Amino acid sequence: MPSAKRSLGPYVVLKKRAGGKAAAYFQVPARLRPPGWAPAIRICGQHELSADIEAISNEAFGALLIEGAKLLDRLNGARNGAPEAPPTRSLPTLVRAWQRSSRWHDLTAKTREGYGYSIDKILAWSAIAKHPDPTSLSRTQIERFLSAFNDRPTTKRQTLKALRLVMDQAVAAGWRNDNPAKGISVKVPRTKATIWEQKDVDLYVKTARAQGMNSIALIILLEWEIGQRLTDVRQFRPGAEYDAERGVFSFRQSKTDEPVVVEISEALRELLQPAVDDDQLFLFRNERTGKAYTENRLSQTFRWVRAAAVKAGGRPLVLRQLRHSCVVQLARAGCTVPEIASITGHSLGSVNTILTTYLPRDSTVARNAQMKRGIIPAANAS
């Protein structure tokens, strides 16, 4: 007889990872979750799981069933009006204290949203560990929790950063004198951005137009000139952030709240004018939906353009790295660090970091330097 197929039980799901691996979660739909129940609780993080349920070891599969059953019992108890209220001294209490503080409200909406993802992970861990007392929480316990994200170092570092801030509330409340999360560091592999060149811009713009995505072509050209965060670019509006009569973008950056006022080229002004004349709310709209781009929709649309550009012989580039590329191009043109920062809105330190990473061996910058010294005549700078 054929063996019975395995079943993980209610609300237990496997999410695929790279290399055929998977992570397991107890994930209850929003309409079925009682108040205070975490959207997704990771389980069996100590086991290596396969994306193929039949390939999971018996030990790991048994642990999945046990942890899933425990959470299901707790879920049913919460639904029946007997939720397990966290003790007064708990991580949920500290999270609430942080979210009521000025430190939380002084953050931008985008930053709070980012911390929110990490907070969900922290609360899920607290729930499955039956809300450990933060006063006795040790570095070893925190490291054991963070080990669940060893395959995602960036997520691991972001979760640690949020946990440090949560535990700061325990120190501020006088619950303990130290913050055990501050003694932990997470290394994330450094990745260098691929700098766009003019030929890349030309090819991607041509490809976007051929795909009927003129909005993507315009975003690329605008990023090439002013190098702003895509979060801000998506929200640009004619008559608000963009003054079409003067060809000037004037706004406050969403992440830093720093003011930016920058003029664009006459050529780009002409290309943007049809979008202004359409009398729509946002400057850049998805041609397929007629609406402003969401973050996900912009990424998806650019991936289509990139696939076509690569097929035409182009490099597989990243849209957000146009921001770094603009900094490099401005430096190649001989702009000073303060001049670059005034255009892109980076801090002086960030500009220096970008230039330190990408310019030491840049031949264009070296040639410009020799021209300024009078060693190379300007006529030879072509």
Side-chain angles (χ1 to χ4, degrees), residues 189-234 236 249 253 255 260 262-272 275 283-284 286 293 295-337 339-347 350-368 381-382:
R190 293 189 63 182
T191 57
K192 289 183 64 174
T194 301
I195 298 301
W196 290 59
E197 303 293 347
Q198 183 66 59
K199 63 181 181 181
D200 299 314
V201 172
D202 294 341
L203 175 60
Y204 272 72
V205 167
K206 179 181 178 180
T207 303
R209 288 171 175 164
Q211 296 281 317
M213 294 294 172
N214 189 55
S215 58
I216 297 295
L218 292 176
I219 289 173
I220 291 171
L221 290 169
L222 180 63
E223 284 291 87
W224 186 244
E225 288 199 11
I226 68 174
Q228 297 302 316
R229 293 182 180 87
L230 292 173
T231 302
D232 295 322
V233 171
R234 290 189 293 106
F236 284 161
F249 281 88
Q253 292 188 320
K255 182 175 180 179
V260 175
V262 59
E263 188 174 353
I264 60 174
S265 68
E266 185 65 35
L268 185 53
R269 290 175 64 178
E270 292 179 6
L271 292 173
L272 289 174
L283 195 59
F284 304 111
N286 185 332
Y293 281 104
E295 182 177 356
N296 288 339
R297 180 63 70 174
L298 178 59
S299 297
Q300 182 184 61
T301 305
F302 179 77
R303 284 198 297 270
W304 295 334
V305 173
R306 178 173 57 200
V310 170
K311 191 173 181 179
R315 299 190 296 162
L317 299 172
V318 178
L319 183 60
R320 70 175 182 274
Q321 291 175 353
L322 270 166
R323 181 160 161 79
H324 274 45
S325 303
C326 181
V327 171
V328 172
Q329 302 302 333
L330 289 168
R332 286 177 176 174
C335 297
T336 64
V337 168
E339 288 171 340
I340 295 171
S342 69
I343 292 173
T344 66
H346 284 96
S347 67
S350 293
V351 173
N352 274 315
T353 299
I354 294 170
L355 298 184
T356 299
T357 303
Y358 297 104
L359 282 188
R361 291 170 293 281
D362 188 281
S363 60
T364 303
V365 174
R367 186 168 62 245
N368 289 343
S382 60

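Here the structure is a predicted model, which is why all the values come from computation and not from measurement. Basis for what follows: all heavy atoms, side chains included, without hydrogens, waters or symmetry-related copies.
Here the CD atom belonging to E339 is positioned 12.0 Å from the OG1 atom belonging to T344, to the nearest 0.5 angstrom. Distance check: F249 CZ to Q228 CD gives 9.5 Å after rounding to the nearest 0.5 Å. How far CG of L221 is from CD1 of I226: 11.5 Å, rounded to the nearest 0.5 Å. Rounding to the nearest 0.5 angstrom, the gap separating the CD atom in E197 from the CG atom in D202 is 11.0 Å. Rounded to the nearest 0.5 Å, atoms CG (L298) and CG (L230) are 6.0 Å apart. The structure places SG of C326 at 8.5 Å from CD1 of I340, a figure rounded to the nearest 0.5 Å.
Residues W196 and Q329 share a closest heavy-atom pair of O-NE2, 3.0 Å. Scanning both residues, I195 and D200, for their nearest heavy atoms gives O-OD2, 4.2 Å. Pairing each heavy atom of F302 with each of I216, the nearest pair is CD1-CG2, 4.2 Å. Heavy-atom minimum distance, Y293 versus T301: CE2-OG1, 3.7 Å. Scanning all heavy atoms of the two residues, the minimum distance from L218 to F284 falls at CB-CE2, 3.6 Å.
Side-chain contact between V318 and T194: absent, with no pair of heavy atoms (C-beta onward) separated by less than 4.5 Å.
Classification of R320 and E295 as a salt-bridged pair fails, no side-chain N sitting under 4.0 Å from a carboxylate O.
Panel note: side chain R306, backbone G314; no donor-acceptor pair is recorded below 3.5 Å.
Between the side chains of Q300 and R297, at least one donor N or O sits under 3.5 Å from an acceptor N or O.
For R234, there are no salt bridge (Lys or Arg N to Asp or Glu O under 4.0 Å) partners two or more places apart in sequence or in a different chain.
Legend: salt bridge (charged side-chain N to carboxylate O under 4.0 Å, His left out) pairs involving residues 215-231, not counting sequence neighbours: none detected.
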Kindly list each side-chain donor-acceptor pair under 3.5 angstrom involving residues 204-213, sequence neighbours excluded, with atom names and distances?
unit_1	atom_1	unit_2	atom_2	d
Y204	OH	R315	O	2.4
Y204	OH	L317	N	3.1
T207	OG1	L203	O	2.8

